[in-house]
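Residue numbers start at 1 and run along the sequence shown.
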Amino acid sequence: MGKKVIYPVGEQSFVALRERGALYVDKTEYVEKLLDKGGKYFFLGRPRRFGKSLFLSMMRCFFEGRRELFKGLYADTMEWDWEPYPVLYLDLNTESYATDEALAQVIENKLRIWEDLYDIRPYTDSISVRFENIIRIAYEKTGKHVIILVDEYDKALVNNLHDSERFVRMREQLTAVYSNFKSSAQYIRMVFLTGVSRFAHLSVFSGLNNIMDISFLPEFSAICGITEQELCDYFRDGMEMMAGIEGVSAEEIHEELKRRYDGYHFSRRCPDIYNPYSLLNVMDRKEFGNFWIGSGGMTLLEHQLKRFDTDLKSLFEARCSQSMLEGLDFDSPNPEALLYQTGYLTIKSYRNNIYTLGLPNGEVKDGFLGYLLPRYANVPRGDTEFFIGEFVEELDGGDVDSFMRRLQSMFSSVSYRMEMDCEKNLHNALLMLMILLGMHVETEYCTSEGPIDLFVRTARYLYIIELKLDRSPEEALRQIEERHYALPFAAEGRETVSIGVNFSTSTRTITGWSVAR
């Protein structure tokens, strides 16, 4: 029996991972790529739990000269003197930043640690002056230019997108720290920041005109996450073990991993990237699940979708320029950018300098929409999967009345916490429902006679659904017939079912429907 593989779920310390002998997907070649760039200031944006912290921890060990930790890795073959640099490592991932004091306490704690390390007695309370003094003295005492690594530089901002006043206060505190990157440039060898987004009006981006954002550069597209080749190289034993447990082939396990967790793209020329957090959880537990989507972050999304008053169909087919996706302006936020940066949308294609976005994989589709659906409709939390299963049986079997009664109950007593207008809320809920059903579904499907509100294709049936607000279902059905909505599908060989539906804005539910076959 071979040596048991340790899958380091959630491990962010390179030292701990290497000392335990845990699996490490070698990303050390990207340090050489950064050095070859010849720049001083770098930024990497990736979603949460994608390996940014581990990469930064690895960089810290590299610049501290801890070569013994890199035995067998690419970095050990580099032409590098391995002399230690002074490394200032600022981890902002340790707090939720729910109070004004939280960020100040984190910064104060780090300043004191660095001042103790370099035997500095502070003579001022100014964060900016103290940090500038630390950088200078670290350089003077070691004779080496300083390495500054900042993990999740923007977490205090991202966590307060819903609170404009606290957001501004947090931004001011961070500016006091980041403004030193420019003023202390003569003492600095490299600054590397990770986070979710480039925030406009923050000194680190507005004050530095030579910071290199590597987030969209093709040569760094696989710096975090797991590529197809890495899956085969590092996880083959795990896939074979799971295959034995499940009684299927390793190829079938591979295909299921791909369906659930693959599909991320971070540049116009990017290999498929697997979500590393979910992949490690699967290998460790020997079972599939929605691990990344269930590990937090949805509250932020809910706040922002409410703020944007978002039409979900437009998001799932969003077309954006790179400049739109790169940053966030708190005063004029872009929902597509936020969903891309937080990992709920990814790049699907690139053409004529425009990116087309979409849901990356099955985990995000099921978890994201399953989480949001109860906020648009009367679906019990935790019962979404069962609820969807009942819908599938009814639609596959052509049981229209049962399907419509279930749909009617879905909209009964809805509180509309998303506070959207009634028609948009209805369309969003139906779109989410049909995507979760795993069926071919389109809203506002265009025909020569006009758009179909909802079009659903199953193995045996074509459903054409016309929705009316405060009108009769017969009127909706008559529109389907008069505009010949079924004509483009006549040659498909499926039975066409036309459904006219009335939705009452006063009772906020479906009050009637009419069916024609």
Side-chain angles (χ1 to χ4, degrees), residues 311-319 356 358-359 365 369 373 376-377 379 387-412 421-505 507-517:
D311 175 5
L312 293 179
K313 178 178 170 61
S314 67
L315 286 182
F316 296 158
E317 301 172 356
R319 300 177 75 246
T356 299
L359 296 167
K365 181 197 75 173
L369 300 184
L373 186 58
Y376 287 84
V379 179
F387 195 77
I388 296 302
E390 296 294 298
F391 267 118
V392 170
E393 288 189 13
E394 290 156 0
L395 280 171
D396 280 346
D399 189 352
V400 177
D401 284 337
S402 294
F403 165 74
M404 290 305 301
R405 282 194 294 271
R406 190 174 300 279
L407 200 61
Q408 186 179 47
S409 70
M410 176 176 149
F411 287 104
S412 64
D421 69 79
C422 205
E423 186 171 5
K424 183 184 291 183
N425 193 83
L426 176 63
H427 277 269
N428 279 341
L430 286 173
L431 177 63
M432 283 190 289
L433 173 63
M434 295 305 168
I435 293 175
L436 285 169
L437 290 175
M439 298 175 175
H440 178 90
V441 56
E442 295 190 43
T443 61
E444 299 294 322
Y445 182 89
C446 292
T447 74
S448 59
E449 300 283 346
I452 300 172
D453 279 345
L454 193 66
F455 167 69
V456 184
R457 180 187 279 114
T458 71
R460 294 171 54 194
Y461 298 96
L462 291 169
Y463 293 96
I464 298 173
I465 303 173
E466 183 67 26
L467 304 165
K468 295 294 182 184
L469 297 180
D470 300 321
R471 311 274 282 278
S472 72
E474 289 74 23
E475 182 179 346
L477 190 61
R478 189 161 54 249
Q479 179 174 318
I480 297 174
E481 295 169 350
E482 291 176 351
R483 297 190 180 183
H484 309 292
Y485 284 163
L487 188 60
F489 316 111
E492 291 197 14
R494 294 177 173 86
E495 181 180 344
T496 300
V497 182
S498 300
I499 309 173
V501 181
N502 175 59
F503 189 91
S504 170
T505 56
T507 62
R508 292 179 171 178
T509 191
I510 292 171
T511 57
W513 59 88
S514 185
V515 182
R517 293 177 180 265

Inset, instruction - Considering non-hydrogen atoms only, spot the tightest contact between Gly500 and Ala476 and give its length. - result: CA-CB, 3.6 Å

Inset, instruction - Please report the closest heavy-atom contact between Ser504 and Asp470, naming both atoms and the distance. - result: CA-OD1, 3.4 Å

Inset, instruction - Nearest 0.5 Å please: distance from the NZ atom of Lys468 over to the CD1 atom of Ile510. - result: 15.0 Å

Inset, instruction - Could you check whether the rings of Phe455 and Phe489 sit parallel, tilted or perpendicular, using 30° and 60° as the cut-offs? - result: parallel

Legend entry - Leu477 CG to Asn502 CG distance, which is reported to the nearest 0.5 Å: 13.0 Å

Legend entry - Basic-acidic side-chain contact under 4.0 Å: Arg406, Glu390: yes

Legend entry - From Glu466 atom CD to Arg483 atom CZ, the distance as rounded to the nearest 0.5 Å: 7.5 Å

Inset, instruction - Would you give the length of the straight line joining atom OG1 of Thr511 to atom CD of Gln408, rounded to the nearest 0.5 angstrom? - result: 8.0 Å

Inset, instruction - Identify the two heavy atoms, one from Ile499 and one from Tyr463, that lie closest to each other, and give their separation to 0.1 Å. - result: CD1-CD2, 4.0 Å

Inset, instruction - Write down the atom of Glu481, the atom of Ala516, and the distance for their closest heavy-atom approach. - result: OE2-CB, 4.0 Å

Inset, instruction - Determine the minimum heavy-atom distance between Ile480 and Ser498, stating which atoms define it. - result: CG2-OG, 3.5 Å

Inset, instruction - State which residue, out of Glu474, Arg478, Glu475, fulfils the side-chain contact (heavy atoms from CB on, under 4.5 Å) condition with Ser514. - result: Glu474

Legend entry - Euclidean distance, Leu462 CG relative to Tyr485 OH, rounded to 0.5 Å: 16.0 Å

Legend entry - Intermediate values then yes/no, side chain to side chain contact (heavy atoms under 4.5 Å, CB included), Phe391 and Leu407: CA-CA 9 Å; Phe391 267 118; Leu407 200 61; 4.0 Å; yes

Inset, instruction - Just do the side-chain hydrogen bond (donor to acceptor under 3.5 Å, both in side chains) check on Asp396 and Thr458 with the steps written out, would you? - result: CA-CA 6 Å; Asp396 280 346; Thr458 71; 4.6 Å; no

Inset, instruction - Would you mind reporting whether Val515 and Met404 have side-chain heavy atoms less than 4.5 Å apart? - result: no

Legend entry - side chain to side chain contact (heavy atoms under 4.5 Å, CB included) between Leu395 and Phe403, intermediate numbers included: CA-CA 7 Å; Leu395 280 171; Phe403 165 74; 3.8 Å; yes

